[in-house]
Amino acid sequence: MLKKILSFIFVLRFVLFEKNNWMRKILLNKKSLQNLSSLDLNEDFYFSLKDIRNIPFNGDNVRTNIVKKILHAFLPKKIIETGTWVGNTTYFFSKFNFEVYSIEANKSFYALSILRFLKRENVHIINGSSNNVIKDFKNFKDNIFVYLDAHWEDFVPLDDELNHLKNFDEIIVLIDDFKVEQIPEWKYDKYSDIELSLDHFPILKKFDLFFPSYRPSGNYSGFIFASKGNKAKKILLEIEEIAFYEKNKY
C-alpha cells in the first residue's frame, strides 16, 4: 500500500510541477480527450495515448497463447517486464495470479501506467533504466518469467539484462523484436549498427533457445525464448508453436 501511495504522489508532482508534460496539458484542456491532435504533444505520446488497449504483444494471438501456456505450466514467482510503454502487455500479465514488476524509464509513460494500474494490487510499476533496475532482483532460486522490450533507438540494454538474468536457476526470458533467421517473414529491430540477432548477443549462448516455428499472419515482430533450468526447458519443449534452437546445426 505504501508503494501505491508513493507512486500516486509521484504522479501528482509530475502533473503539478512539470509544466510541459503531456498529462498536464490533457487535464487542463476540457476538449483534449476528444481532440488530442489539438494539443502540442510529442508525437510518440499522441499515438501512444490512442493505442491504449488490452491487446498484448502487438496483437500476435499465437504468441499470446504461447505465453499463456508457459505461465500456467511454469508458475513463476514473479513476472518482470522491461519497457512498460502504455501497459498493454502489462495488463495481460496482471490477469494472472503472479506479482508483476514492470520497468519504464520514461516518466510520462511511467505516470500513465501508475494511473492505469492503480487498482491492480499485483502490479508494480518501477521508474528507472532497465539495465540497472533489473539487478535489484536477486533471489536466484525463484522461478521467474521475464519479458524484455525496453530496447529503443540508442538504448539497447539486452547485454546488461541477460548478464544478470543468467544467474537464475529456473528462468524463461521472452525477447521481443528479435531476428528469426529460419523464417525471414518476421520483422526485427536494428538500432545503428546493432541488430537484435544471435550474432550481436553472444550472451545468449548461455541459455537454451527457442524460436517461433510458425509464420506470422500479420506485420509482426519476431521473438526468441531464452531459458535456464530443467523445468523451464521441459515446458518450452512441449509447446509446438516454438522450436528448440540446436546450436551445433547452425
Please answer whether the main-chain N or O of Ile66 pairs with a side-chain N or O of Lys69 as donor and acceptor at a distance below 3.5 Å.
-> no

Any donor-acceptor N or O pair under 3.5 Å, side chains Asn131, Ser129 = yes

Partners meeting side-chain hydrogen bond (donor to acceptor under 3.5 Å, both in side chains) with Lys78 (sequence neighbours left out) | Asp142

Kindly compute the distance separating CG (Asp159) from NE2 (His200), expressed to the nearest 0.5 Å.
-> 11.0 Å

Value for CG (Leu198) from CD (Glu181), rounded to nearest 0.5 Å, stands at 6.0 Å

Shortest non-hydrogen contact between Ser102 and Thr90, atoms and distance | OG-OG1, 3.7 Å

Are side-chain N/O atoms of Asp177 and His151 paired as donor and acceptor at under 3.5 Å?
-> yes

Check: Ser130 and Phe155 side chains under 4.5 Å, non-hydrogen atoms | yes

Which value, rounded to the nearest 0.5 Å, describes the distance between Leu148 atom CG and Asp176 atom CG?
-> 9.5 Å

Between CG on residue Leu71 and CG on residue Asn97, distance to nearest 0.5 Å | 11.5 Å

Spell out, yes or no, whether Tyr188 and Ile224 are grouped together once hydrophobic residues are joined by side-chain heavy atoms under 4.5 Å, including indirect joins.
-> no

Please answer whether the main-chain N or O of Asp149 pairs with a side-chain N or O of Thr82 as donor and acceptor at a distance below 3.5 Å.
-> yes

Would Leu174 and Phe244 show up in the same hydrophobic cluster when neighbours are defined by side-chain heavy atoms closer than 4.5 Å?
-> yes

Parallel, tilted or perpendicular: ring planes of Phe178 versus Phe211, cut at 30 and 60 degrees | tilted

Pairwise side-chain contact, Asn167 with Lys135, heavy-atom cut-off 4.5 Å (strictly under) | no

Rounded to the nearest 0.5 Å, the CZ atom of Phe57 sits from the OH atom of Tyr220 at a distance of 13.0 Å

Apply side chain to side chain contact (heavy atoms under 4.5 Å, CB included) to Leu75 and Asn143, showing your working.
-> CA-CA 8 Å; Leu75 299 176; Asn143 289 11; over 6 Å; no

Give a yes or no answer on whether the side chain of Asn122 reaches the backbone of Phe96 with a donor-acceptor pair at less than 3.5 Å.
-> yes

Are Val86 and Ile55 co-members of a hydrophobic cluster defined by side-chain heavy atoms under 4.5 Å apart?
-> no

Examine distances only and state if a side-chain atom of Glu170 and a backbone atom of Lys231 form a donor-acceptor pair shorter than 3.5 Å.
-> yes

Between atom CD of Glu81 and atom NE2 of His124, what is the distance when rounded to the nearest 0.5 Å?
-> 13.0 Å

Tyr91 and Val123: CA distance, side-chain angles, deciding distance, side chain to side chain contact (heavy atoms under 4.5 Å, CB included) verdict | CA-CA 9 Å; Tyr91 179 82; Val123 176; over 6 Å; no

Under the ring-ring contact (aromatic ring centres under 6.0 Å, His included) test, residues paired with Phe223 that sit two or more places apart = Trp186, Phe225

